Enquirer: 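Structure provided below as structure tokens; questions to follow.
Per chain, numbering begins at 1; letters A, B, ... match sequence-line order. In this text the structure is predicted, and so the values were computed from the model without any measurement.
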There are 2 protein chains.
Amino acid sequence: MNSPEEVVDFIYNGHQRFLPHLSIDCVIFGYHDQQLKILLIRYHDQEHWSLPGGYVERQEGLTAAAHRILSEKTQLTNLYLQQFYTFGDSPTRLNRIEIQDNHNKVYAKANVAIDEEHWLSKRTLSVGYYALVDYHEVSVTPEFLVVDYAWVDVNAVPSLQYDHNEIIDKALLTLRSQLYQQSVGYNLLPEKFTLSEIQALYEAILGKPFDRRNFRKKMVALGVIRQLDERRKIGPHRSPYLYDFNLENASKLQEAGGVIF
Amino acid sequence: MNSPEEVVDFIYNGHQRFLPHLSIDCVIFGYHDQQLKILLIRYHDQEHWSLPGGYVERQEGLTAAAHRILSEKTQLTNLYLQQFYTFGDSPTRLNRIEIQDNHNKVYAKANVAIDEEHWLSKRTLSVGYYALVDYHEVSVTPEFLVVDYAWVDVNAVPSLQYDHNEIIDKALLTLRSQLYQQSVGYNLLPEKFTLSEIQALYEAILGKPFDRRNFRKKMVALGVIRQLDERRKIGPHRSPYLYDFNLENASKLQEAGGVIF
DNA sequence: GCAAAAGTGTTGCAGCTACACCCATGG
DNA sequence: CCATGGGTGTAGCTGCAACACTTTTGC
């Protein structure tokens with residue numbers, strides 16, 4: 001929604017296009033500067049930041065909706081996207097007055113107001129998806145109601161709107177637990193990378209350091225990555241080997257994963 | 001809904017009480033006769049069986065709704081209940097005609113019909129919860145529209161309505177992957193049990209046999225169970241020791257679980 | 001005494017952790 | 001030649017899998 005007209009249309013006609021009472025919230029992970037970051041946005045006249053999100057069209061699959069919303073926000077398609085939980089317990093989700101109030105502050109920018117019977121004033125459940133994106137390829141779409149966006153370190157997330165902090169916590173837990181089953185890094189790193197790079201990524205995600213030698217052995221033994229016959233020049237140091245992801249093996253890991261015995 | 005009057009009231013006034021477009025489906029696992037079973041129900045004039053489910057009240061938390069629905073169906077409270085996925089992709093969920101048609105067959109028993117604008121004819125997303133219940137304590141409530149119910153072995157689930165087979169598959173995967181983190185067995189076994197009993201349960205859930213000695217070592221080492229200073233008489237055989245669950249340890253396992261490194 | 005179930009211990013292997021020294025490169 | 005980062009191997013430990021014989025009990 002890039003213009004006041006589109007916002008007004010959304011307010012008055014959105015209920016025909018979208019399902020009420022249900023939204024999708026996206027935890028978009030990007031990796032930059034040795035840090036795992038999350039994309040946050042801030043709506044007009046709102047003190048707290050939010051997760052990017054959207055609504056599901058009436059005849060649209062849930063997964064399709066998540067992909068659409070994400071590509072609307074980041075201009076990226078074909079992302080790694082994973083549903084992790086559906087949130088419907090937080091008291092802030094049930095507080096009509098607060099919800100209506102917040103919406104009205106935001107929509108004031110387009111000179112519209114909603115009353116308590118409006119579909120956007122109602123209680124909303126939210127399906128959480130997390131995405132892994134290449135930080136450098138993201139170009140956040142400037143939306144009319146979004147006055148600011150920022151990539152924040154996962155360890156320094158401010159207090160967010162509604163239950164969005166809880167959503168991020170759960171997303172991180174899920175991401176961590178799936179790190180070795182899915183080829184998570186595939187979407188956060190360039191096609192070819194050095195061992196140090198992927199190790200730094202894993203350290204950022206899991207929040208702890210690893211031993212270089214053991215890390216290499218584990219990743220190669222699991223078949224997650226493959227060493228290439230190629231090195232990269234990196235200034236006044238020895239040239240490190242490049243690696244890439246072994247995607248065939250990843251799908252096998254995925255099938256076997258989860259069940260321990 | 002135990003009477004035609006309640007059904008009629010639900011049809012005509014349910015939209016005031018419940019959120020539209022959203023349901024909860026429950027995969028209720030019970031354990032009996034060395035088999036892991038699932039509770040299925042069959043609605044009036046429906047060929048296929050279904051999972052028990054229900055709707056979320058407008059001001060009710062999602063988890064609270066799941067508990068309410070489950071206790072309405074089984075008369076049990078305080079169950080182990082776990083959300084595992086939200087389903088909104090299956091084409092059968094988007095096929096209005098089929099949905100309306102099926103509903104009308106069912107509701108014909110109460111002599112009511114719904115048109116395509118009725119809230120129950122609309123596309124519905126479903127939040128999946130799985131529950132673990134003590135098979136013996138369940139007394140399935142006879143509902144007016146439910147003409148039959150059955151406990152079926154997880155390995156012999158018939159073809160179900162909509163995407164309910166997919167829901168069960170995902171529930172089983174989740175249950176299996178959480179087996180050693182959560183004290184899953186706690187809800188499927190009596191308070192005290194023999195090693196053979198819990199081993200048979202784990203074999204039923206994971207679908208493969210284990211070695212008695214290794215199984216005991218693992219369960220005790222993980223701190224999931226504790227051997228008691230008590231035996232049980234079991235006819236013409238040696239009296240086995242009893243065990244119970246070590247719930248304190250379970251919560252620790254849960255925190256550590258998931259993240260591998 | 002016999003049939004059925006339960007109790008129990010050891011060995012080998014695989015995979016993880018901990019750990020330190022040398023090499024390559026550019027300035 | 002030096003500072004920085006990269007490459008590499010081994011030893012010990014833990015945890016898991018494989019495996020068989022003896023004990024208890026009621027009939």
Enquirer: Below the 4.0 Å mark, does dT25(D) have OP1 or OP2 next to a side-chain nitrogen or oxygen of Ser239(B)?
Expert: yes
Enquirer: Is there a donor and acceptor pair, one atom on the side chain of Arg216(B) and one on the base of dG7(C), closer than 3.5 Å?
Expert: no
Enquirer: Run the salt-bridge test on Lys192(A) and Asp244(A) with the 4.0 Å N-O cut-off and return the result as yes or no.
Expert: no
Enquirer: Roughly how many Å is it from NZ in Lys217(A) to P in dT8(D), rounded to a whole number?
Expert: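 One finds 12 Å between P of dT8(D) and NZ of Lys217(A), rounded.
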Enquirer: Is a donor on one side and an acceptor on the other found under 3.5 Å between the side chain of Arg42(A) and the backbone of Gln46(A)?
Expert: yes
Enquirer: Mind calculating the distance between CZ (Arg231(B)) and C1' (dA5(C)) to the nearest angstrom?
Expert: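 Roughly 12 Å, once rounded to whole Å.
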Enquirer: Given dA5(C), dA20(C), dG9(C), identify the nucleotide with an atom nearest to the side chain of Arg213(B).
Expert: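 Nearest listed nucleotide: dG9(C).
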Enquirer: In whole Å, I'd like the distance from the CZ atom of Phe215(B) to the P atom of dA5(C).
Expert: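 In whole Å, dA5(C) P lies 18 Å from Phe215(B) CZ.
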Enquirer: Roughly how many Å is it from CG in Leu195(A) to C1' in dT8(D), rounded to a whole number?
Expert: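 Those two atoms, CG and C1', are 12 Å apart.
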Enquirer: Over all heavy atoms of both residues, which pair between Thr141(B) and Thr74(B) is shortest? Give the atoms and the distance, please.
Expert: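 For Thr141(B) versus Thr74(B), the nearest heavy atoms are OG1-N, 4.4 Å.
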Enquirer: Under a 4.0 Å N-O cut-off, is there an ion pair linking Lys170(A) with Asp89(A)?
Expert: no
Enquirer: How close or far is atom C1' of dT24(D) from atom NZ of Lys233(B), stated in whole angstroms?
Expert: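 Roughly 10 Å, once rounded to whole Å.
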Enquirer: Separation of Ile234(B) atom CD1 from dC27(D) atom P, in whole Å?
Expert: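 Rounded to the whole Å, the gap is 13 Å.
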Enquirer: Is it the case that the base of dA5(C) and the side chain of His237(B) share a donor-acceptor contact (distance under 3.5 Å, atom types as modelled)?
Expert: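 Checked by distance alone, the answer is no.
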Enquirer: Using the side-chain heavy atoms of Pro236(A), tell me which of these nucleotides is nearest: dG6(D), dC19(C), dG26(C).
Expert: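 Among the listed nucleotides, the one closest to the side chain of Pro236(A) is dG26(C).
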Enquirer: How many whole angstroms separate atom NZ of Lys208(A) from atom C1' of dT17(C)?
Expert: 13 Å
Enquirer: What pair of heavy atoms forms the shortest contact from His67(A) to Leu81(A), and how long is it?
Expert: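 Between these two residues, the closest heavy atoms are N-CD2, 3.6 Å.
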Enquirer: Take Asp211(B) and Glu197(B), find for each the nucleotide of DNA chain C with the closest heavy atom, and name the residue whose nucleotide sits nearer the 5' end.
Expert: Glu197(B)
Enquirer: Send over the distance from Asn214(B) CG to dG15(D) C1', rounded to a whole Å.
Expert: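 Rounded to the whole Å, the gap is 10 Å.
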Enquirer: Measuring to OP1 and OP2 of dG6(D), would you say a side-chain N or O of Ser196(A) lies under 4.0 angstrom away?
Expert: yes
Enquirer: Considering only side-chain heavy atoms of Tyr241(B), which listed nucleotide, dA4(C), dT25(C), dT8(C), is closest?
Expert: dT8(C)
Enquirer: Go through the N and O atoms of the side chain of Arg238(B) and the base of dT23(D), and report whether any donor-acceptor pair is under 3.5 Å.
Expert: yes
Enquirer: On DNA chain C, nearest-nucleotide positions of Tyr243(B) versus Ala221(A): which is more 5'?
Expert: Tyr243(B)
Enquirer: If you look at every strand shown and take non-hydrogen atoms under 4.0 Å, does Thr194(A) touch a base, only sugar-phosphate, or nothing?
Expert: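 No contact.
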